[in-house]
There are 2 protein chains.
Amino acid sequence: MTMQDKLLQFRQYLNRAGLKATRQRELIARAFFATTTHVSAEGLYRRVGGRHPRIGLVTVYRTLKLLKDAGLAHERQFGDGRALFEHASSERHHDHIICTECGKITEFASVEIEALQEQVVRRLGFHIQYHKLELYGLCRDCSAAGRGPGTHAIGVG
Amino acid sequence: MTMQDKLLQFRQYLNRAGLKATRQRELIARAFFATTTHVSAEGLYRRVGGRHPRIGLVTVYRTLKLLKDAGLAHERQFGDGRALFEHASSERHHDHIICTECGKITEFASVEIEALQEQVVRRLGFHIQYHKLELYGLCRDCSAAGRGPGTHAIGVG
DNA sequence: TTGGGTGCAAACCCTTTGCACGGTG
DNA sequence: CACCGTGCAAAGGGTTTGCACCCAA
């Protein structure tokens with residue numbers, strides 16, 4: 001799905017919902033679709049604001065909510081208090097692995113893990129609706145650079 | 001590990017760290033160890049404050065931090081903006097399944113899932129330090145009661 | 001006695017909301 | 001032209017910090 005497709009879908013959503021396609025919404029959506037990784041509202045605000053100072057952080061929040069409603073963005077909570085947003089249209093469900101050294105976020109998916117989850121909790125009488133799996137560790141680069149606890153700890157407590 | 005053991009461990013921690021065993025810390029620790037499930041700072045504050053009105057929420061936060069430092073409490077973020085605390089001393093690593101209807105939190109553990117996680121991300125060059133797995137769905141009771149989306153939706157969009 | 005501990009209020013961070021002005025359909 | 005959208009500032013919720021008084025060791 002190209003940037004143009006996504007923008008079109010966003011405009012169509014606004015139209016259908018009786019909302020207006022404003023200059024700000026267009027610029028914020030473009031900046032969002034241009035990101036390759038997870039962005040915070042603040043981060044997106046800085047990207048847009050660098051070129052268009054008249055756009056407020058509040059509008060970024062409001063537009064991100066619209067993008068979610070349009071099904072074009074997912075909001076993720078990684079427990080550090082702020083929300084990160086990622087594109088939703090093109091990708092299937094996936095989980096995340098976060099490097100504790102450099103903060104890089106990598107996506108992965110495993111049907112095996114998900115099947116096992118379902119199996120494990122069925123015994124408890126639960127029926128899964130959705131899940132959130134976050135792995136934390138050292139990425140290849142940070143391992144190679146010898147950063148982090150991996151270097152001196154044989155068994156990490 | 002009994003309540004008394006835990007209290008003793010807490011006092012020993014304070015002692016070793018050159019900190020003081022105050023009336024407030026004792027009361028808050030007792031209230032925390034008396035919980036059976038996950039509590040928020042606010043929730044613990046209400047439990048203590050019901051009987052001892054002179055204890056401030058701030059002191060609850062500070063004592064929870066001490067309990068974490070002492071290795072007696074774990075802090076969990078379930079993405080709703082506030083932290084929940086659980087006992088740490090007695091239990092091994094586990095994950096959580098949260099009922100989306102009644103909010104009940106159940107713990108579970110699976111070495112199979114964890115082995116699979118390790119295997120999956122090794123291909124990506126990652127080395128896992130820790131992880132966080134949250135399953136969301138309907139618990140047995142809520143399923144039985146016919147609550148939730150399961151009742152009318154065949155395929156949930 | 002002395003340094004850490006407490007409680008209150010205020011600050012803090014992220015996010016949302018109230019309101020008067022501005023711009024889209 | 002009627003609303004919806006915007007920006008600012010202010011409020012909001014959860015958590016932390018500054019400060020004067022208090023108390024455990």
Side-chain angles (χ1 to χ4, degrees), chain A residues 7 10-32 38-49 51-70 73-85, chain B residues 7 10-32 38-70 73-85 103:
Chain A
L7 284 171
F10 186 44
R11 288 189 210 112
Q12 286 174 346
Y13 166 79
L14 292 174
N15 203 345
R16 265 186 254 113
L19 305 174
K20 295 176 180 173
T22 64
R23 187 180 60 91
Q24 290 92 330
R25 286 177 179 170
E26 181 85 11
L27 290 168
I28 293 167
R30 275 180 189 278
F32 175 68
H38 301 69
V39 246
S40 62
E42 177 73 30
L44 193 55
Y45 170 63
R46 272 187 270 107
R47 277 165 183 261
V48 180
R51 306 173 196 177
H52 308 275
R54 311 294 343 256
I55 293 187
L57 175 58
V58 181
T59 302
V60 173
Y61 274 106
R62 289 193 273 228
T63 303
L64 279 169
K65 178 168 280 178
L66 291 176
L67 286 164
K68 280 197 298 180
D69 294 345
H74 278 323
E75 179 175 351
R76 305 271 183 184
Q77 293 288 345
F78 290 110
D80 64 339
R82 80 215 158 119
L84 293 185
F85 298 84
Chain B
L7 284 169
F10 186 43
R11 289 189 210 110
Q12 286 174 346
Y13 166 80
L14 292 173
N15 203 344
R16 266 186 254 113
L19 304 174
K20 295 175 180 173
T22 64
R23 186 180 60 91
Q24 290 92 331
R25 286 176 180 169
E26 181 84 11
L27 289 169
I28 293 166
R30 273 181 191 279
F32 175 67
H38 300 70
V39 244
S40 63
E42 178 72 31
L44 192 55
Y45 171 63
R46 272 187 270 107
R47 277 165 184 262
V48 180
R51 306 171 196 180
H52 308 274
R54 312 293 344 254
I55 293 186
L57 175 58
V58 181
T59 302
V60 174
Y61 273 107
R62 289 193 273 228
T63 303
L64 279 169
K65 178 169 281 180
L66 291 176
L67 287 165
K68 280 196 300 178
D69 294 346
H74 278 322
E75 180 176 351
R76 306 271 183 184
Q77 294 288 344
F78 291 110
D80 64 339
R82 77 214 163 121
L84 294 185
F85 297 85

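Here is how names work: the chains are called A, B, and so on, in the same order as the sequence lines, proteins then strands, and each is numbered from 1. What you see below is based on every heavy atom in this structure, not just the backbone, and it leaves out hydrogens, waters and symmetry mates. Not measured: the values here are computed from a predicted model.
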Provide, to the nearest angstrom, the distance between the [atom1] atom belonging to [X] and the [atom2] atom belonging to [N].
X: A:R62; N: C:dT15; atom1: CZ; atom2: C1'; answer: 11 Å
X: B:I55; N: C:dG5; atom1: CD1; atom2: C1'; answer: 12 Å
X: A:N15; N: C:dT24; atom1: CG; atom2: C1'; answer: 12 Å
X: B:Y61; N: C:dA10; atom1: OH; atom2: P; answer: 18 Å
X: B:L57; N: C:dA9; atom1: CG; atom2: C1'; answer: 13 Å
X: A:E42; N: C:dT16; atom1: CD; atom2: P; answer: 14 Å
X: A:Q12; N: C:dG25; atom1: CD; atom2: C1'; answer: 17 Å

Restricting to non-hydrogen atoms, name the atom on [X] and the atom on [Y] that form the minimum distance, rounded to 0.1 Å.
X: A:A29; Y: A:L7; value: CB-CD2, 4.0 Å
X: B:Y45; Y: B:G56; value: CE1-C, 3.7 Å
X: B:I28; Y: B:V48; value: CA-CG2, 4.1 Å

Self-check item: For A:A21, all residues meeting side chain to side chain contact (heavy atoms under 4.5 Å, CB included), sequence neighbours excluded
Solution: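 Once residues adjacent in sequence are excluded, the partners of A:A21 under the side chain to side chain contact (heavy atoms under 4.5 Å, CB included) criterion are A:L14.
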
Self-check item: With B:F32 via ring-ring contact (aromatic ring centres under 6.0 Å, His included) - residues at least two apart
Solution: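 For B:F32 the ring-ring contact (aromatic ring centres under 6.0 Å, His included) partners, ignoring immediate neighbours, are B:H87.
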
Quiz item: If you round to the nearest 0.5 Å, how far is CZ of A:R46 from CG of A:L57?
Solution: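 Those atoms lie 10.0 Å apart.
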
Self-check item: Global bending angle along the helix from C:dT1-D:dA25 to C:dG25-D:dC1, which compares the axes of five pairs at either end, to 10 degrees
Solution: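 Rounded to the nearest 10 degrees, the bend comes out at 20°.
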
Exercise. Tell me, please, which residues at least two apart from A:R54 pass salt bridge (charged side-chain N to carboxylate O under 4.0 Å, His left out).
Key: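 Once residues adjacent in sequence are excluded, A:R54 has no partner under the salt bridge (charged side-chain N to carboxylate O under 4.0 Å, His left out) criterion.
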
Exercise. Select from B:L66 and A:D80 the residue whose nearest nucleotide in DNA chain C is closer to the 5' end of that strand.
Key: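 Of the two residues, B:L66 wins.
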
Exercise. Using heavy atoms to find the nearest nucleotide of DNA chain D for A:V58 and A:L14 separately, return the residue whose nucleotide is more 5′.
Key: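 The residue mapped nearer the 5' terminus is A:L14.
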
Could you go through residues 59-69 of chain B and list every donor-acceptor pair under 3.5 Å that involves a side-chain atom there, pairing it with any protein atom two or more places apart or in another chain?
{"unit_1": "B:T63", "atom_1": "OG1", "unit_2": "B:T59", "atom_2": "O", "d": "2.8"}
{"unit_1": "B:K68", "atom_1": "NZ", "unit_2": "B:E75", "atom_2": "OE1", "d": "2.4"}

Self-check item: Start and end of chain A contact along DNA chain D [non-hydrogen atoms, under 4.0 Å]
Solution: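 Using the under 4.0 Å cut-off, the span is D:dC3 to D:dA9.
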
Practice problem: Not counting sequence neighbours, which residues clear side-chain hydrogen bond (donor to acceptor under 3.5 Å, both in side chains) with B:D80? List them please. | Solution: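 B:D80 satisfies side-chain hydrogen bond (donor to acceptor under 3.5 Å, both in side chains) with B:R82 once adjacent residues are dropped.
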
Quiz item: Would you say the side chain of B:F78 lies within less than 4.5 Å of the side chain of B:L84, judging by non-hydrogen atoms?
Solution: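 A side-chain contact under 4.5 Å exists here.
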
Practice problem: For DNA chain C, determine which residues of residues 17-28 of chain B have any heavy atom closer than 4.0 angstrom to one of its atoms, and list them numerically. | Solution: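 Within residues 17-28 of chain B, the residues near DNA chain C are B:L19, B:K20, B:T22, B:Q24, B:R25.
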
Exercise. Can you run down the salt bridge (charged side-chain N to carboxylate O under 4.0 Å, His left out) pairs that involve residues 17-27 of chain A, sequence neighbours left out, and say none if there aren't any?
Key: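 For residues 17-27 of chain A, and leaving out neighbouring residues, the salt bridge (charged side-chain N to carboxylate O under 4.0 Å, His left out) pairs sorted by first residue read A:R11-A:E26, A:E26-A:R30.
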
